[in-house]
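The block underneath contains the structure these notes are about, expressed in C-alpha cells.
All residue numbers refer to positions in the sequence shown, counting from 1. Note that ligands are numbered from 1 as they come in the structure, with each ligand's atoms numbered from 1 the same way. Basis for what follows: all heavy atoms, side chains included, without hydrogens, waters or symmetry-related copies.
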Amino acid sequence: MRTQVGIIGSGPSGLLLAQLLHINGIESLVVERHSRAHVLSRIRAGVLEQRAVELLRSARVHQRMDREGQTHDGFDIAFSGQRHRIDLTGLSGSPVTVYGQTEITRDLMDARDASGAAIIDQAEDVCIEGLETDRPMLKFFKDGRAHTVACDFVAGCDGFHGVSRQTIPKAVLKEYERIYPFGWLGVLAETPPVSNELIYAHHERGFALCSMRSPRLSRYYLQVPLTDDPADWPDDRFWTELKRRLPADVANSLVTGPSIEKSIAPLRSFVVEPMSYRRLFLAGDAAHIVPPTGAKGLNLAASDIHYLSEALIAHYASADNSELVGYSNTCLRRVWKAERFSWWMTNLLHRFPESGPFGDRMQLAELDYLFGSRAAMTALAENYIGLPY
Ligand code: RFL
Ligand code: PHB
C-alpha cells in the first residue's frame with residue numbers, strides 16, 4: 001500500500017489533519033491503536049478558542065458545533081468566598097465556545113466516513129521505518145495480518161504515549177517537563193450546570209472547576225492527590241467536597257446527581273524540541289502537554305494542525321517546502337506561550353502545600369491584584385481566548 005500522508009492517531013489532531021488534507025485533494029491513511037468506541041468514550045476538553053472554531057469551519061465539520069456549541073463571553077474565578085468575572089469579550093474582543101472534544105471527534109469521524117477514506121482502528125504494533133530515507137513506511141498489524149504503507153510524510157498525532165516521538169533518535173530531541181504533585185478528578189453528570197459560565201475556584205482545600213457540555217450535562221473537577229483513585233470518590237463524597245470549595249451561593253444552587261463518568265488525570269507540562277525529524281511531523285499531545293487549567297491542549301493541537309496542513313498543501317501545490325522546514329519553529333513559538341499561560345494559571349489556582357504560608361499569601365495577592373487591574377485581566381483574557389495564528 002502507499003499513501004501521501006500516513007497519520008498515526010485518530011484523536012482530534014489526526015482526524016482534523018486528515019480532513020483538511022482531504023478537502024485539498026491530498027490522500028492520507030489514519031491508523032489508530034484503539035477501537036472507535038474507545039476513542040469516543042474519552043471525556044476530555046471542552047473549551048474552544050474562536051480560531052479553533054474557525055479552523056473546524058474551514059474543515060467543514062461545523063454544522064453540529066454551530067448548533068450545539070455554547071458561546072461564553074466570560075468566566076468566573078472564585079476565591080475568598082467571592083466570585084469575580086473575567087469579561088473575555090469585553091476585554092479581548094472574543095468569546096470562547098464550549099463544545100466537547102468527544103463531539104468534535106465524532107463530527108470528524110463522520111466526515112472521514114463520508115469522504116470514503118478509512119480509519120484503520122485497532123491497529124497493533126504501529127511503527128515507523130525508513131525515517132532516514134525519503135520514503136518512510138508505516139507498519140502495523142490488523143486482524144493478525146501485517147501491513148506496510150509507503151508514505152511521502154508521516155504525521156505523528158498519537159498523543160503523549162504514542163510511538164512517533166519515540167521513533168526520533170534520542171540525540172536529536174530535547175524534552176522539557178514539569179510534573180505537578182496532584183491530579184484532576186473529573187465527573188460528568190446529567191444535571192444542569194450550576195452556572196451559565198465556567199467557574200474556576202481557588203480554595204484552601206484545593207482547586208475546583210465547574211464546567212459543562214450542554215444545558216443538561218455538567219462537568220466538574222477537583223484537585224486531588226495523585227495517590228487517589230476514582231474508587232476513593234463515591235458520588236456523595238465528590239459532591240460534598242465540591243460544595244466545600246465553592247462560594248456559598250454557588251454551593252447552594254448546585255444540582256447533584258449520579259456521575260456518568262469519573263476519572264483522574266495527572267497534570268503535566270511537557271514540550272519536545274524539535275517537533276519534526278526528516279519526514280515525520282509531530283502534532284498535538286505527541287509533542288506537548290499542558291495542564292488543563294488554561295484549556296489550551298486541544299487548541300494547541302488545532303494550531304499545530306493548521307500549520308502542518310498549510311505546509312503540506314504548499315508542498316503538494318507548488319513543491320514549496322519552506323513551511324515544512326519551518327514547521328517546528330513556527331509551532332513552538334505559540335506552544336511555549338500557551339505553556340507559560342497554562343503553568344501560570346495552574347500556579348495561581350491550585351493548592352501547593354510545599355510552598356507554605358508565604359506561597360499561599362502570594363496567590364491571594366496575585367488574585368487580588370488581578371481583579372484590581374484591567375491590564376492584568378486583559379492579559380489573562382487575551383491568553384485564554386488564544387493568541388493569534
Ligand atoms: P489524543 O487525543 O491523545 O489522540 C491521540 C490518538 O492516538 C492514538 N494512539 C495510537 N494510535 C496508533 N498507534 C499508537 N502507538 C498510538 N498511540 C496512541 C490514541 O489512541 C489516540 O486516539 O491527542 P491529540 O489528537 O493530539 O489531541 C490532544 C487533546 O486530546 C488534548 O490536548 C486535550 O484533551 C487536552 N485538554 C483540554 N484541551 C483544551 O484545549 N481545552 C480543554 O478544556 C481541555 N480540557 C484536556 C482537558 C485534557 C484532559 N485530560 C484527560 C488529559 C481536560 C482533561 C481532563
Ligand atoms: C472541561 O470542560 O473539560 C474543561 C474546561 C476548562 C478547562 C479544562 C477543562 O480549563
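- Distances below 4.0 Å separate heavy atoms of Arg44 from the following atoms of ligand 2: 3 (O).
- Interface atoms of ligand 2 facing Val47, defined by a heavy-atom separation under 4.0 Å, are 5 (C), 6 (C).
- Protein heavy atom in closest approach to atom 8 (C) of ligand 2: Pro292 O, 3.3 Å.
- Closest protein heavy atom to atom 9 (C) of ligand 2: Tyr221 CE1, 3.7 Å.
- In this structure, Phe182 has its ring center closer than 6.0 angstrom to the ring center of His350.
- Counting non-hydrogen atoms of neighbouring residues, nucleotides and ligands closer than 6.0 angstrom, the CZ atom of Arg64 exceeds 12 such neighbours.
- The proximity of Ser211 to ligand 2, defined as any non-hydrogen pair under 4.0 Å, is limited to the side chain.
- Considering both main-chain and side-chain atoms, Tyr200 comes within under 3.5 Å of ligand 2 through a nitrogen or oxygen pair.
- Checked against salt bridge (charged side-chain N to carboxylate O under 4.0 Å, His left out), Asp232 has no partners two or more places apart in sequence or in another chain.
- With a 6.0 Å cutoff to the six-membered ring centre and a 45° limit on the axis angle, Lys337 does not count as a cation-pi contact of Phe341.
- Residues Arg213 and Glu261 are not paired through a salt bridge, judged by the lack of any N-O separation under 4.0 Å between the basic side chain and the carboxylate.
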Without placing hydrogens or testing angles, list every side-chain donor-acceptor pair under 3.5 Å for residues 376-389, not counting sequence neighbours.
unit_1: Thr378; atom_1: OG1; unit_2: Arg374; atom_2: O; d: 2.6
unit_1: Asn383; atom_1: ND2; unit_2: Ala379; atom_2: O; d: 2.8
unit_1: Tyr384; atom_1: OH; unit_2: Tyr200; atom_2: OH; d: 2.7

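- At least one heavy atom of Leu209 sits under 4.0 Å from some atom of ligand 2.
- Atoms of ligand 2 lying under 4.0 Å from at least one heavy atom of Thr293, given by number and element, are 10 (O).
- Listed by chain and number, the residues in a salt bridge (charged side-chain N to carboxylate O under 4.0 Å, His left out) with Asp249 are Arg83 (sequence neighbours excluded).
- No salt bridge links Asp152 with Arg279; every basic N to acidic carboxylate O contact stays at or beyond 4.0 Å.
- Every atom of ligand 2 is numbered from 1 in the order shown, and the set under 4.0 Å from a heavy atom of Leu198 is 5 (C), 6 (C).
- Contact check on Asp121 versus Arg33 returns no salt bridge, with no Lys/Arg side-chain nitrogen under 4.0 Å from an Asp/Glu carboxylate oxygen.
- For Phe207 and Tyr221, the ring centers are positioned 6.0 Å apart or more.
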Pairs under 3.5 angstrom, nitrogen or oxygen on both sides, ligand 1 versus protein: list them out, please.
unit_1: ligand 1; atom_1: 2 (O); unit_2: Arg44; atom_2: NH1; d: 3.1
unit_1: ligand 1; atom_1: 3 (O); unit_2: Arg44; atom_2: NH1; d: 3.0
unit_1: ligand 1; atom_1: 11 (N); unit_2: Arg33; atom_2: N; d: 3.1
unit_1: ligand 1; atom_1: 17 (N); unit_2: Arg33; atom_2: NH2; d: 3.2
unit_1: ligand 1; atom_1: 20 (O); unit_2: Glu32; atom_2: OE2; d: 2.6
unit_1: ligand 1; atom_1: 20 (O); unit_2: Arg42; atom_2: NH1; d: 3.4
unit_1: ligand 1; atom_1: 22 (O); unit_2: Glu32; atom_2: OE1; d: 2.7
unit_1: ligand 1; atom_1: 22 (O); unit_2: Glu32; atom_2: OE2; d: 3.3
unit_1: ligand 1; atom_1: 22 (O); unit_2: Arg42; atom_2: NH1; d: 3.4
unit_1: ligand 1; atom_1: 22 (O); unit_2: Arg42; atom_2: NH2; d: 2.7
unit_1: ligand 1; atom_1: 25 (O); unit_2: Pro12; atom_2: N; d: 3.3
unit_1: ligand 1; atom_1: 25 (O); unit_2: Ser13; atom_2: N; d: 2.9
unit_1: ligand 1; atom_1: 25 (O); unit_2: Ser13; atom_2: OG; d: 3.2
unit_1: ligand 1; atom_1: 26 (O); unit_2: Ser13; atom_2: OG; d: 2.7
unit_1: ligand 1; atom_1: 26 (O); unit_2: Asp285; atom_2: N; d: 3.0
unit_1: ligand 1; atom_1: 30 (O); unit_2: Arg44; atom_2: NH1; d: 3.1
unit_1: ligand 1; atom_1: 30 (O); unit_2: Gln101; atom_2: NE2; d: 2.7
unit_1: ligand 1; atom_1: 32 (O); unit_2: Asp285; atom_2: OD1; d: 2.7
unit_1: ligand 1; atom_1: 32 (O); unit_2: Asp285; atom_2: OD2; d: 3.4
unit_1: ligand 1; atom_1: 32 (O); unit_2: Gly297; atom_2: O; d: 3.4
unit_1: ligand 1; atom_1: 32 (O); unit_2: Leu298; atom_2: N; d: 3.4
unit_1: ligand 1; atom_1: 34 (O); unit_2: Gln101; atom_2: OE1; d: 2.6
unit_1: ligand 1; atom_1: 38 (N); unit_2: Gly297; atom_2: N; d: 3.2
unit_1: ligand 1; atom_1: 38 (N); unit_2: Leu298; atom_2: N; d: 2.8
unit_1: ligand 1; atom_1: 40 (O); unit_2: Ala295; atom_2: O; d: 3.1
unit_1: ligand 1; atom_1: 40 (O); unit_2: Gly297; atom_2: N; d: 3.2
unit_1: ligand 1; atom_1: 40 (O); unit_2: Leu298; atom_2: N; d: 2.6
unit_1: ligand 1; atom_1: 40 (O); unit_2: Asn299; atom_2: N; d: 3.1
unit_1: ligand 1; atom_1: 40 (O); unit_2: Asn299; atom_2: ND2; d: 3.2
unit_1: ligand 1; atom_1: 41 (N); unit_2: Ala295; atom_2: O; d: 3.3
unit_1: ligand 1; atom_1: 43 (O); unit_2: Gly46; atom_2: N; d: 3.2

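- When non-hydrogen atoms are compared, ligand 2 lies under 4.0 Å from the side chain of Arg213 (C-beta onward) but not from its backbone.
- Contact annotation: the side chain of His84 approaches that of Phe79 to within less than 4.5 Å [non-hydrogen atoms, C-beta and beyond].
- Looking at Trp184 against ligand 2, only its side chain comes within 4.0 Å, counting heavy atoms.
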